[in-house]
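Working notes for the structure below.
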There are 2 protein chains.
Amino acid sequence: MTAPSDARSRGTRLPRVRRRRQLLAAAQEIFVARGYHAAAMDEIAERAGVSKPVLYQHFPGKLELYLALLEEHSEALVEKQREALESTDDNRQRVIASFRAYFDFVAGDGEAFRLVFESDLRNLPAVREKSEQTFQRCAELIGEVIRQDTSISDEEAHLLSIGLVGMAETSARYWINTQGSVPKDAAELLVARLAWRGISGWDLHRGGEGQPTGQDS
Amino acid sequence: MTAPSDARSRGTRLPRVRRRRQLLAAAQEIFVARGYHAAAMDEIAERAGVSKPVLYQHFPGKLELYLALLEEHSEALVEKQREALESTDDNRQRVIASFRAYFDFVAGDGEAFRLVFESDLRNLPAVREKSEQTFQRCAELIGEVIRQDTSISDEEAHLLSIGLVGMAETSARYWINTQGSVPKDAAELLVARLAWRGISGWDLHRGGEGQPTGQDS
DNA sequence: CAGGTAACTTACGCAGGAGTAAGATGGCGG
DNA sequence: CCGCCATCTTACTCCTGCGTAAGTTACCTG
């Protein structure tokens with residue numbers, strides 16, 4: 001568990017690009033495990049089997065190193081979300097795919113989600129903006145879908161989307177932190193069903209265009 | 001905005017208990033504005049119109065000072081939540097009250113919610129536990145209500161509760177961060193409605209005990 | 001009004017960790 | 001085989017910010 005990810009090659013010289021990738025991987029492990037503040041550049045270097053100045057030949061400072069990782073994984077999440085929503089035309093399936101995307105994100109890539117969802121650097125404007133922007137972009141993708149099928153205002157649709165994204169993020173994080181109690185598929189479907197029941201046929205009472213037929217399991 | 005909350009009394013001696021309360025208030029302002037790491041004990045002392053050692057006569061260290069505040073506001077949230085759920089017997093009203101409690105919490109007490117929801121010290125076990133425990137307790141309160149009215153398993157009910165609490169927290173935070181775009185009442189009701197549509201009559205398809213009558217606006 | 005004690009101050013020690021000179025090394029083109 | 005440049009290392013500097021030692025002032029009690 002504390003085994004160096006790539007110290008097999010202590011003393012080995014690497015071409016620039018390869019080394020950079022390896023440094024990013026080492027940094028991710030440390031940042032994820034300790035958070036930004038408790039992570040020491042010395043430890044990151046050590047984990048990569050390299051001395052500290054090497055780190056500074058690839059990144060101007062600790063902050064930039066962190067931001068590089070944050071950027072990468074934020075984009076990955078938005079991309080996953082976009083793919084999920086484009087994967088089908090059926091809105092119910094869309095909801096399921098969307099939640100699955102969140103659970104996949106949280107389950108994948110060495111717990112990188114902790115950088116995006118649990119950053120201890122949110123007080124830095126640059127980081128706060130990135131986090132919120134990522135969140136907003138995910139919500140906006142969902143918001144568009146909602147707007148297509150309902151007659152509610154843009155602002156309201158956006159607020160609903162925010163709520164749904166929050167639900168997805170929160171439940172996915174809860175699920176990953178309590179691994180073993182609920183299988184992934186079941187958790188995804190359960191929460192997706194909650195969301196779908198919430199939004200489907202939203203404006204029926206306004207004289208909507210057809211009640212969801214109720215088969216939802 | 002940067003006006004010292006209580007430096008009117010620079011040079012004034014205060015009885016111990018009064019001073020302690022004032023120090024907590026000053027600390028809250030700084031911690032909320034800067035986060036734990038960027039907050040300096042010097043600045044907290046200055047804000048209170050007092051010199052640093054005074055701080056240390058009341059709290060053993062920065063961490064304990066922070067934990068005192070975290071504890072206080074975490075308990076306040078859980079209490080608000082409990083009151084909301086006890087305020088009525090009608091589950092639909094319960095949902096609304098529950099969301100209102102979150103919005104109230106977020107709107108009140110000098111943005112103290114940032115300590116509970118956005119702490120930059122979550123990597124410290126003591127803080128992580130407190131946060132998660134607060135979250136769990138809120139979810140558990142809701143979970144009990146859900147279990148009373150549905151036949152789903154305890155684990156599933158809990159997961160749903162987690163999702164709902166996440167939705168409440170997220171939408172409340174979004175609302176407070178974009179003050180002015182949506183009135184509080186409208187936001188609360190909108191999201192509460194989303195949640196209520198999601199859970200009400202959950203297990204009808206199993207042969208439940210009566211369909212919700214559909215009047216939900 | 002004197003003396004004691006709680007409240008408070010100035011001024012410092014000290015540790016941890018980011019970032020940096022200056023020098024060593026190894027492989028590759030000539 | 002030799003010199004050159006990219007790669008890497010040791011061994012520092014320096015700053016920030018927590019926590020404290022020692023000394024000072026106001027209030028209160030006898």
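Naming convention: chains lettered A, B, ... in sequence-line order (proteins, then strands); numbering from 1 in each chain.
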Do B:F117 and B:F135 have ring centroids that are under 6.0 Å from one another?
no
A:L65 CG to C:dG17 P, in whole Å, measures 16 Å
OP1 or OP2 of D:dA6 versus the side-chain N and O atoms of A:R19: is any pair under 4.0 Å?
no
Looking at A:W202, I'd like to know if the NZ or CZ of B:R193 sits under 6.0 Å from its six-membered ring centre while staying within 45 degrees of the ring's axis.
yes
State yes or no: are the ring centers of A:Y36 and A:Y66 separated by less than 6.0 Å?
yes
Between protein and nucleotides 17-23 of chain D, what N or O pairs are separated by less than 3.5 Å?
from   : atom 1 : to    : atom 2 : distance (Å)
D:dC18 : OP1    : B:A39 : O      : 3.2
D:dC18 : OP1    : B:K62 : NZ     : 3.2
D:dC18 : OP2    : B:M41 : N      : 3.0
D:dG19 : OP2    : B:Y56 : OH     : 3.0
D:dG19 : OP2    : B:K62 : N      : 2.9
D:dG19 : N7     : B:K52 : NZ     : 2.9
D:dG19 : O6     : B:K52 : NZ     : 2.6

When only distance counts, do a donor and an acceptor, one from the side chain of B:R13 and one from the base of D:dT25, lie under 3.5 Å apart?
yes
I'd like to know if A:R16 reaches the base of D:dT7 with its side chain, counting only an N/O donor and acceptor under 3.5 Å.
no
Over how many whole Å does the gap from A:L14 atom CG to C:dG27 atom P extend?
12 Å
Set out, in order, the CA-CA distance, both residues' side-chain angles and the distance that settles side-chain hydrogen bond (donor to acceptor under 3.5 Å, both in side chains) for A:Q81 and A:S98, then state yes or no.
CA-CA 6 Å; A:Q81 196 56 217; A:S98 182; 2.4 Å; yes
Could you tell me if the side chain of B:Q22 sits less than 4.5 Å from the side chain of B:L14, heavy atoms only?
yes
For the pair made of CD in A:E46 and P in D:dT9, what is the distance, rounded to whole Å?
12 Å
Measure CZ/B:F59 against P/C:dA7 and give the value in whole Å, please.
14 Å
Report yes or no: does B:H158 contribute a side-chain atom to a donor-acceptor pair with the main-chain N or O of B:G143 at less than 3.5 Å?
no
